[in-house]
Engineer: 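Starting off with a structure, shown below.
Per chain, numbering begins at 1; letters A, B, ... match sequence-line order.
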Amino acid sequence: MGRIVELEAYIGEDDRASHARFGPTDRNRVMWGRPGTAYVYLVYGMYDCLNVVTEPEGRPAALLVRAVEPITGIEAMRMGRMNAVRGRRRATPEALEAERDRVERLPAARIARGPGLVAAAFSIDRSHTGLDLLDPSSPLRLEPAVAGDRPPQPVWTARIGVDYAGPPWTDRPWRLVDASSPAVSGPRARATA
DNA sequence: AGTTGGATGGTCT
DNA sequence: GACCATCCAACTG
């Protein structure tokens with residue numbers, strides 16, 4: 001279990017940074033589905049990324065979960081990280097052993113710092129697309145913050161890795177981080193609003 | 001602190 | 001056939 005400390009919003013077909021810019025396809029169709037649905041895609045041939053559909057049915061929008069601050073189940077998250085590497089094509093036993101060492105020494109705040117690492121830590125892959133993340137009985141689910149949790153320090157910045165979209169989409173302050181968390185993947189300040 | 005290049009494969013024009 | 005909502009190691013200064 002962990003706390004989501006970094007999100008990016010992708011809203012509408014006109015958002016040139018969003019997968020929805022192509023209209024509905026086999027890959028992105030769930031973005032038009034019910035809010036709370038998981039959308040998981042593969043980037044750069046290697047990393048899965050978890051998104052949560054956010055708008056009512058018919059409007060394509062999702063939040064990319066870019067970083068999670070681990071709270072419990074940290075050893076399971078380390079296992080997830082190592083299993084993700086195990087699935088690679090050219091994974092020699094030596095490289096695997098080195099990775100195991102590295103992941104074991106990783107501070108908790110770095111286990112799920114980055115969208116590809118979030119999916120790896122929680123053992124999420126594309127087969128999870130379509131899951132209802134609001135179902136309280138689901139093993140993978142969203143839960144509201146609990147009273148007494150450290151209050152977040154919200155900061156909005158531009159989205160990361162979307163230069164291909166061009167302005168104004170590259171500049172929209174649609175990345176939300178909790179600046180109080182050490183588990184944020186990119187810049188914590190640089191607010192645009 | 002910042003830049004560069006390699007890994008790796010699905011998706012779309 | 002080009003592009004890509006990434007990550008890490010290996011450089012440079």
Engineer: Under 3.5 Å, sequence neighbours excluded: what are the donor-acceptor pairs made by side chains of residues 114-126 of chain A?
Structural biologist:
residue, atom, partner, partner atom, Å
A:Asp125, OD1, A:Ser127, N, 2.7
A:Asp125, OD1, A:Ser127, OG, 2.5

Engineer: Is the number of heavy atoms from other residues, nucleotides or ligands within 6.0 Å of CE (A:Met79) greater than 12?
Structural biologist: no

Engineer: Return each pair, listed once, that meets ring pair (Phe, Tyr, Trp, His ring centres under 6.0 Å) where at least one residue sits in residues 40-80 of chain A; pairs must be two or more places apart or across chains.
Structural biologist: A:His19-A:Tyr41, A:Tyr39-A:Tyr41

Engineer: Using the rule that Ile, Leu, Val, Met, Phe, Trp and Tyr join whenever any side-chain heavy atoms are under 4.5 Å apart, tell me whether A:Ile4 and A:Leu134 fall into a single cluster.
Structural biologist: yes

Engineer: Convert the base pairs of DNA chain C into dot-bracket notation, remembering that pairs crossing earlier ones are written with [ ] and that bases paired across to another strand are shown as |; include only Watson-Crick or G-U pairs under 3.5 Å.
Structural biologist: ||||.|||||||.

Engineer: If you pin A:Tyr164 and A:Arg110 to their nearest nucleotides in DNA chain C, which one's is more 5'?
Structural biologist: A:Tyr164

Engineer: What donor-acceptor contacts under 3.5 angstrom involve side-chain atoms of residues 141-148 of chain A, with partners at least two apart or in another chain?
Structural biologist:
residue, atom, partner, partner atom, Å
A:Arg141, NE, A:Glu143, OE2, 2.8
A:Arg141, NH1, A:Ser138, O, 2.8
A:Arg141, NH2, A:Glu143, OE2, 3.1

Engineer: Going by salt bridge (Lys or Arg N to Asp or Glu O under 4.0 Å), name the residues that satisfy it together with A:Glu94, two or more places apart in sequence or in a different chain.
Structural biologist: none

Engineer: Going 5' to 3' on DNA chain C, which nucleotide is the first and which the last to come under 4.0 Å of a heavy atom in chain A?
Structural biologist: C:dC4 to C:dA9

Engineer: Could you tell me whether A:Arg3 and A:Asp178 have a side-chain N and a carboxylate O separated by less than 4.0 Å?
Structural biologist: yes

Engineer: Can you sort out the partners of A:Arg78 under salt bridge (Lys or Arg N to Asp or Glu O under 4.0 Å), two or more places apart, ordered by chain and number?
Structural biologist: A:Glu75

Engineer: Remember a base hit wins even if backbone is also touched, and classify A:Arg102 as base, sugar-phosphate or nothing at under 4.0 Å, heavy atoms.
Structural biologist: sugar-phosphate

Engineer: Could you list the residues that satisfy salt bridge (Lys or Arg N to Asp or Glu O under 4.0 Å) with A:Arg89, not counting sequence neighbours?
Structural biologist: none

Engineer: Along nucleotides 6-13 of chain B, 5' to 3', which nucleotides get a B, which get an S, and which get a -, given that the test is a protein heavy-atom distance under 4.0 Å?
Structural biologist: -BBBSSSS

Engineer: Is A:Ile111 reachable from A:Val103 through a run of I, L, V, M, F, W or Y residues, each pair having side-chain heavy atoms under 4.5 Å apart?
Structural biologist: no

Engineer: Does anything in residues 52-66 of chain A reach DNA chain B, meaning a heavy atom under 4.0 Å, and if so which residues?
Structural biologist: none

Engineer: Do any pairs count as a salt bridge (charged side-chain N to carboxylate O under 4.0 Å, His left out) and have a residue in residues 30-42 of chain A, sequence neighbours left out, and if so which ones?
Structural biologist: none

Engineer: Side chains of A:Ser180 and A:Arg150: do they bring a donor and an acceptor to under 3.5 Å?
Structural biologist: yes

Engineer: Please list every donor-acceptor pair under 3.5 Å in which a side-chain atom of residues 54-68 of chain A meets a protein atom from a residue at least two apart or in another chain.
Structural biologist:
residue, atom, partner, partner atom, Å
A:Arg66, NE, A:Glu6, OE2, 2.8
A:Arg66, NH2, A:Ser185, OG, 3.3

